[in-house]
Amino acid sequence: MKTKILLFLLITIGAISLSFSQNVDGYKYHETSNGVSLYYKQHDYGVTFRAVNKRNKYVYVKIFNVVSKWTDGRTRQKDVNIGFVGAGKASNGGGLNLDNYAKIKSWRFDSWKWSEKAFGY
């Protein structure tokens, strides 16, 4: 009985720590800038960006001019704001297609930037 409880606690703690970790499984590396790395993962309905902050201070991350082409013939253009990323943590941003079931055909972005101050909107 004690073994089962101990095993349960270890699995629970492991799952919680994994969910708050800097895990980038399935993401492709883009670039690192002074301790902040950008990754992305493309799926059928968009792209998810993941910022990993290995600095000692929190940062804000933004991806500029994300242009995507879709199977419904539309082209979408927007900035993707990941926003706050804690020190030693990771955060996601994305949401390129929220209005229908079209699939992404291609995408690109112009640049990305991180800052210790929030970006003006």
Q. Can you check side-chain hydrogen bond (donor to acceptor under 3.5 Å, both in side chains) on Asp44 and Tyr101, steps first, answer last?
A. CA-CA 9 Å; Asp44 285 344; Tyr101 295 103; over 6 Å; no

Q | Residue among Lys41, Gln42, His43 satisfying side-chain hydrogen bond (donor to acceptor under 3.5 Å, both in side chains) with Thr48 | A | His43

[atom1] of [X] to [atom2] of [Y]: how many Å apart, nearest 0.5 Å?
X: Ile63; Y: Asn81; atom1: CD1; atom2: CG; value: 8.0 Å
X: Glu31; Y: Ser37; atom1: CD; atom2: OG; value: 9.0 Å
X: Lys103; Y: Trp70; atom1: NZ; atom2: CH2; value: 11.5 Å
X: Lys69; Y: Lys105; atom1: NZ; atom2: NZ; value: 8.0 Å

Q.
Run the side-chain contact (heavy atoms from CB on, under 4.5 Å) test on Asn92 and Tyr27 for me, step by step, so that the C-alpha distance in whole Å, both residues' side-chain angles and the decisive distance to 0.1 Å come before the verdict.
A. CA-CA 11 Å; Asn92 289 357; Tyr27 286 84; 3.2 Å; yes

Measure across [X] and [Y] and return the closest heavy-atom pair with its distance rounded to 0.1 Å.
X: Asn53; Y: Val85; result: ND2-O, 3.2 Å
X: Ala51; Y: Val61; result: CB-CG2, 3.8 Å
X: Gln77; Y: Val67; result: CG-CG2, 3.9 Å

**Q.** Check against side-chain contact (heavy atoms from CB on, under 4.5 Å), Leu38 and Ile82
**A.** CA-CA 10 Å; Leu38 182 67; Ile82 294 178; 4.2 Å; yes

Q: Quick one: sort the Phe84 and Tyr60 rings into parallel, tilted or perpendicular, breaks at 30° and 60°.
A: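 Perpendicular, since the angle between the ring planes exceeds 60°.
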
Q: Answer yes or no: is there a donor N or O on one side and an acceptor on the other, between the side chain of Arg55 and the main chain of Asn34, under 3.5 Å?
A: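 Yes, the answer is positive, given that a donor and an acceptor are paired below the 3.5 Å cut-off.
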
**Q.** Phe64 backbone acceptor or donor facing Ser111 side chain under 3.5 Å
**A.**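 It does not hold such a pair.
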
Q. So Lys113 and Lys62, side-chain contact (heavy atoms from CB on, under 4.5 Å) or not? Walk me through it.
A. CA-CA 6 Å; Lys113 186 175 170 182; Lys62 192 169 192 174; 5.6 Å; no

Q) Does the side chain of Trp114 pick up a donor-acceptor pair with the side chain of Ser33 at under 3.5 Å? A)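 Result is yes, a qualifying pair exists.
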
Q: Taking ring pair (Phe, Tyr, Trp, His ring centres under 6.0 Å) as the test, write out the residues that go with Tyr29, two or more places apart.
A: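 Partners of Tyr29 by the ring pair (Phe, Tyr, Trp, His ring centres under 6.0 Å) criterion, ordered by chain and then number, come out as Tyr39.
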
**Q.** Residues that Trp107 engages under ring pair (Phe, Tyr, Trp, His ring centres under 6.0 Å), provided they are two or more places apart
**A.**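 Once residues adjacent in sequence are excluded, the partners of Trp107 under the ring pair (Phe, Tyr, Trp, His ring centres under 6.0 Å) criterion are Tyr40, Phe49.
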
Q: Measure the shortest side-chain to side-chain distance between Val47 and Ile104 over non-hydrogen atoms and say whether it is less than 4.5 angstrom.
A: yes

(Q) List the residues meeting salt bridge (charged side-chain N to carboxylate O under 4.0 Å, His left out) with Asp110, not counting sequence neighbours, and say none if there are none. (A) Arg108

Q. Could you walk me through whether Lys78 and Val80 pass the side-chain contact (heavy atoms from CB on, under 4.5 Å) check?
A. CA-CA 6 Å; Lys78 69 183 257 185; Val80 173; 4.2 Å; yes

(Q) Are more than 12 heavy atoms, taken from residues, nucleotides or ligands other than Tyr58, located less than 6.0 Å from that residue's OH atom? (A)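 No.
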
